[in-house]
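We name chains A, B, ... by the order of the sequence lines, and we start the count at 1 in each one. Excluded from the calculations below are hydrogen atoms, water molecules and symmetry mates; all remaining heavy atoms, backbone and side chain alike, are included.
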Amino acid sequence: MERILIKDILSDAYLGKPVTVCGWVRSKRESKGFAFLVLSDGSTQETLQLVINSGAPGFQQLLHCNTGAAILAKGILKESPAKGQKFEMEVSELEVFGEADPEKYPLQKKGHTLEFLREIAHLRPRTNTFGAVFRLRNILASAVHEFFQDRGFVWVHTPVITSSDCEGAGELFSVTSFDLENPPGKDDGGIDFSQDFFGRRAFLTVSGQLEAEFLAMSLGNVYTFGPTFRAENSNTTRHLSEFWMIEPEMAFADLKDDMRLAEDFFRFLCRKALEKGEKELSFLENHYKRISPEELRKLADTSFVHMSYTDAIKELQGAKERFEFPVEWGSDLQSEHERYLTDKVIKGPVIVFDYPKDIKAFYMRLNDDGRTVAAMDMLVPKIGEIIGGSQREERLSVLEERLRHSGIPVEHLQWYLDLRRFGSAPHAGFGLGFERLVQYITGMVNIRDVIPCPRAPREIGF
RNA sequence: UCCCGGGUAGCUCAGCCGGCAGAGCAGGUGGCUGUUAACCACCCUGUCGGGGGUUCGAAUCCCUCCCCGGGAGCCA
């Protein structure tokens, strides 16, 4: 089919020439002697206006061209005499591939709420909003690879099915081939997992970090970019049960290198969104007023504030704001605290580092003060934590001590400890929740609106 | 999981101190020679989330379950 994409057709190159376009009808406006169709094909935020005069051969087909119908149109691209669009197409032929019964098609030429569109996830990408979001998602995914590939990072593929249940990163989904109605039992009444597919319990991964570490300790700089699963019963606008995570890991790197990488990475992504998704960003800004291209430009151009956890606590304790949760050294920052720092104090993203060891994971490197670890979180306005990272504990004895303290059984972690037994070296990395990034850059309020098929408690319909 | 707020036409919502179920949009029909979520006229649309209770009478009051949204916790 020799069709031209709408993103390509809207230029002088095709002016006055015969062209063929395909797409879905957004709206139809009929008068006595002519009609207008607004066509979208997903290639761009923009639509193409089709003009059909009653004398044109395709005019009878208009009957079938309701909102949602998939059509092919042939005609001449012209400059539009009216305001609102530079180009339009004068149609000679119309072919209808698939009609959309206006009595039944849920998307009509009126505004729909995001909540309603969530119930028709298979049709919502046809809307302006979701077209913009999913094109931006693609721009960002591509930019992730561009950033790391340009810096010589190796994209590694860590397993989706894993046996490690001890990362402390949340509840896990079990993977089994048992008949759940009748699993093999043990004498003590439990389930005998030695008879299961893998010979022991298996789960969907909650993080590729541990595996990324051994790849970094051989390939140097690596990153993962893949699906991640958490079985937490989280019902919020910023959690998914299935999401995509990006986890770079660098050998011979410390926390400072890690923070620098995180910041460069985030600013690069903002820049790419602006470069390649300008129309999408403007559309979202106009309709939702959440984040503006100017704000993203500012993010891309200015260095982020870095603040130690201890300083952050001091800042919060000096605040006039009354917090629901107490602020004291040693306890984790609550959402309200993070929001105060990003929205009120810094008015932008901030990287908080050197957290108390007791509120962070076992693998984070113990600082010389003995009470903090080389961890960092990047917090952004409205969303909160978007990146979490650390320098990893590379000293065997210290790591073993922290494992003992945390009560995590070590028998399945020997391979992880081996990395400290043989050629250990300082290394660091972080995790970025891809949907939170897309959420931040698009300004979508609910994370379920930045992934085509959201997975969340009780939500698996599409 | 907890705390709030909701569930009434295809969509968004009003009606809620009990008394005939409504509006806007969408959709249909007709009109209109340049429309922009067109405009004008007319028309259609209901398991008032499910179940139980109080009452002469329940969308409205009570109980219960389900679902949705926002916030919190957990986190990315």
Side-chain angles (χ1 to χ4, degrees), chain A residues 26-38 46-55 63 66-68 78 80-85 88 90 100-120 127-128 167-171 206-209 224 227-247 262 287 323-325 332-339 359-361 377-380 383-389 430-440 445-451 456-459 461:
Chain A
R26 278 281 171 75
S27 73
K28 176 169 66 171
R29 294 183 289 275
E30 290 176 289
S31 286
K32 193 178 185 181
F34 56 89
F36 296 101
L37 289 179
V38 174
E46 296 174 289
T47 52
L48 178 65
Q49 172 160 282
L50 311 182
V51 189
I52 307 108
N53 290 303
S54 58
L63 192 60
N66 291 308
T67 299
K78 298 193 163 179
S80 180
K83 284 182 185 169
Q85 60 283 314
E88 65 184 24
E90 191 175 305
D101 183 348
E103 303 260 6
K104 293 176 185 153
Y105 187 59
L107 290 174
Q108 289 301 343
K109 52 175 177 178
K110 69 182 289 293
H112 292 293
T113 59
L114 296 171
E115 290 80 8
F116 171 68
L117 293 171
R118 227 169 274 153
E119 296 169 17
I120 47 169
T127 63
N128 281 324
E167 288 165 28
E171 298 290 314
V206 293
S207 164
Q209 181 201 313
T224 71
T228 308
F229 308 87
R230 305 271 167 94
E232 293 284 316
N233 190 10
S234 296
N235 293 287
T236 78
T237 54
R238 56 191 185 283
H239 287 87
L240 289 167
S241 310
E242 176 181 298
F243 63 100
W244 288 63
M245 189 149 66
I246 297 141
E247 296 176 287
H287 283 257
F323 297 114
E324 189 187 341
F325 293 89
D332 213 349
L333 299 179
Q334 303 293 317
S335 289
E336 57 175 346
H337 304 147
E338 295 180 349
R339 216 172 301 121
I359 58 172
K360 289 292 183 184
D377 285 350
M378 190 170 123
L379 312 176
V380 296
I383 292 178
E385 184 180 344
I386 198 164
I387 284 177
F430 62 79
L432 168 105
F434 186 57
E435 282 74 17
R436 287 194 181 166
L437 170 79
V438 180
Q439 193 182 1
Y440 184 71
V445 173
N446 195 314
I447 200 167
R448 297 171 200 207
D449 295 333
V450 302
I451 186 167
R458 293 179 306 282
E459 184 158 27

Practice task
Would you indicate what Glu119(A) reaches in the nucleic acid, counting non-hydrogen atoms under 4.0 angstrom: base, sugar-phosphate, or nothing?
Solution key: nothing

Fill in the blank from the handout: Rounded to whole Å, the CG-P distance (Asp332(A) to G73(B)) equals 10 Å

Fill in the blank from the handout: Between Ile359(A) and Gly84(A), the residue closer to the 5' end of RNA chain B by nearest nucleotide is Gly84(A)

Exercise for the section: Report yes if a side-chain nitrogen or oxygen of Arg118(A) is closer than 4.0 Å to either non-bridging phosphate oxygen (OP1 or OP2) of C11(B); otherwise report no. Expected result: no

Exercise for the section: Please state how far atom NE2 in His112(A) lies from atom P in C13(B), giving the value in whole angstrom units. Expected result: 13 Å

Handout entry: Nucleotide A72(B), atom P - distance to CD1 of Ile383(A) in whole Å
Key = 13 Å

Practice task
Kindly say whether Thr237(A) contributes a backbone atom to a donor-acceptor pair with the side chain of Gln439(A) at under 3.5 angstrom?
Solution key: yes

Exercise for the section: Using only heavy-atom distances, determine whether the side chains of Thr228(A) and Glu242(A) contain a donor-acceptor pair under 3.5 Å. Expected result: no

Handout entry: Donor-acceptor pair (no angle test) under 3.5 Å: Gln85(A) side chain, U35(B) base
Key = yes

Problem - Distance test, side-chain N/O of Ser80(A) to OP1/OP2 of G34(B), below 4.0 Å - result: no

Handout entry: Protein-to-nucleotide contact annotation, 5' to 3' order, nucleotides 1-6 of chain B [B base; S sugar-phosphate only; - none; under 4.0 Å, heavy atom]
Key = B-----

Practice task
Could you tell me whether the side chain of Arg118(A) and the main chain of Asp449(A) form a donor-acceptor pair under 3.5 Å?
Solution key: no

Practice task
Keeping the roles fixed (side chain from Glu247(A), backbone from Gly208(A)), state whether a donor-acceptor pair exists under 3.5 Å.
Solution key: yes

Practice task
May I ask you to verify whether the side chain of His239(A) and the base of C75(B) hold a donor-acceptor pair under 3.5 Å?
Solution key: yes

Practice task
Kindly state whether the ring of His337(A) and the ring of Phe325(A) have centres lying under 6.0 angstrom apart.
Solution key: no

Handout entry: Phe434(A) aromatic ring stacked with six-membered ring of A76(B), 5.5 Å and 30°
Key = no

Practice task
State which of G34(B), G73(B), G10(B) makes the closest approach to the side chain of Lys110(A).
Solution key: G10(B)

Exercise for the section: Please confirm whether the backbone N or O of Lys28(A) pairs with a side-chain atom of Lys109(A), one donor and one acceptor, at under 3.5 Å? Expected result: yes

Fill in the blank from the handout: Mate of C42(B) across any strand shown (Watson-Crick or G-U wobble, both atom pairs under 3.5 Å) is G28(B)

Practice task
Give one of base, sugar-phosphate or nothing for Lys104(A), where a contact means two heavy atoms less than 4.0 Å apart.
Solution key: nothing

Problem - Any donor-acceptor pair under 3.5 Å from Arg436(A) side chain to Arg238(A) backbone - result: yes

Exercise for the section: Using the C1' atom as the reference point in each nucleotide, state the distance between U55(B) and U45(B) in Å, no decimals. Expected result: 31 Å

Exercise for the section: For Phe116(A), report the nucleic acid contact type (base, sugar-phosphate, nothing); a contact means any heavy atom under 4.0 Å. Expected result: sugar-phosphate

Exercise for the section: Quickly work out the Glu385(A) CD to C75(B) P distance and round it to whole Å. Expected result: 9 Å

Fill in the blank from the handout: Protein heavy-atom contacts under 4.0 Å, written 5' to 3' over nucleotides 42-50 of chain B as B (base), S (sugar-phosphate only) or - (none), form the string ---------

Exercise for the section: Would you kindly give the CD1-to-C1' distance between Ile52(A) and U33(B), to the nearest whole Å? Expected result: 15 Å

Fill in the blank from the handout: When rounded to whole Å, the CG to P distance for the pair Asn53(A) and U35(B) reads 14 Å

Exercise for the section: Using a heavy-atom cut-off of under 4.0 Å over every strand shown, decide if Gly431(A) touches base, sugar-phosphate, or nothing. Expected result: sugar-phosphate

Exercise for the section: Please measure how far the C1' atom in G27(B) lies from the corresponding atom in C17(B), and state the result in whole Å. Expected result: 38 Å

Handout entry: Base of G34(B) paired with side chain of Glu88(A) (donor-acceptor, under 3.5 Å)
Key = yes

Practice task
Between protein and nucleotides 27-32 of chain B, map the contacts as a letter string: B base, S sugar-phosphate only, - none, heavy atoms under 4.0 Å, written 5' to 3'.
Solution key: SS---B

Handout entry: Opposite nucleotide pairing with C2(B), Watson-Crick or G-U, both atom distances under 3.5 Å
Key = G71(B)

Problem - Residues Arg29(A) and Gln49(A): side-chain donor-acceptor under 3.5 angstrom - result: yes

Handout entry: Between A76(B) (C1') and Leu333(A) (CG): distance, integer Å
Key = 16 Å

Completion exercise
Comparing Ser27(A) with Glu90(A), nearest RNA chain B nucleotide closer to 5' gives the residue Glu90(A)

Problem - Pairwise C1' distance for G46(B) and C13(B), with rounding to whole Å - result: 15 Å

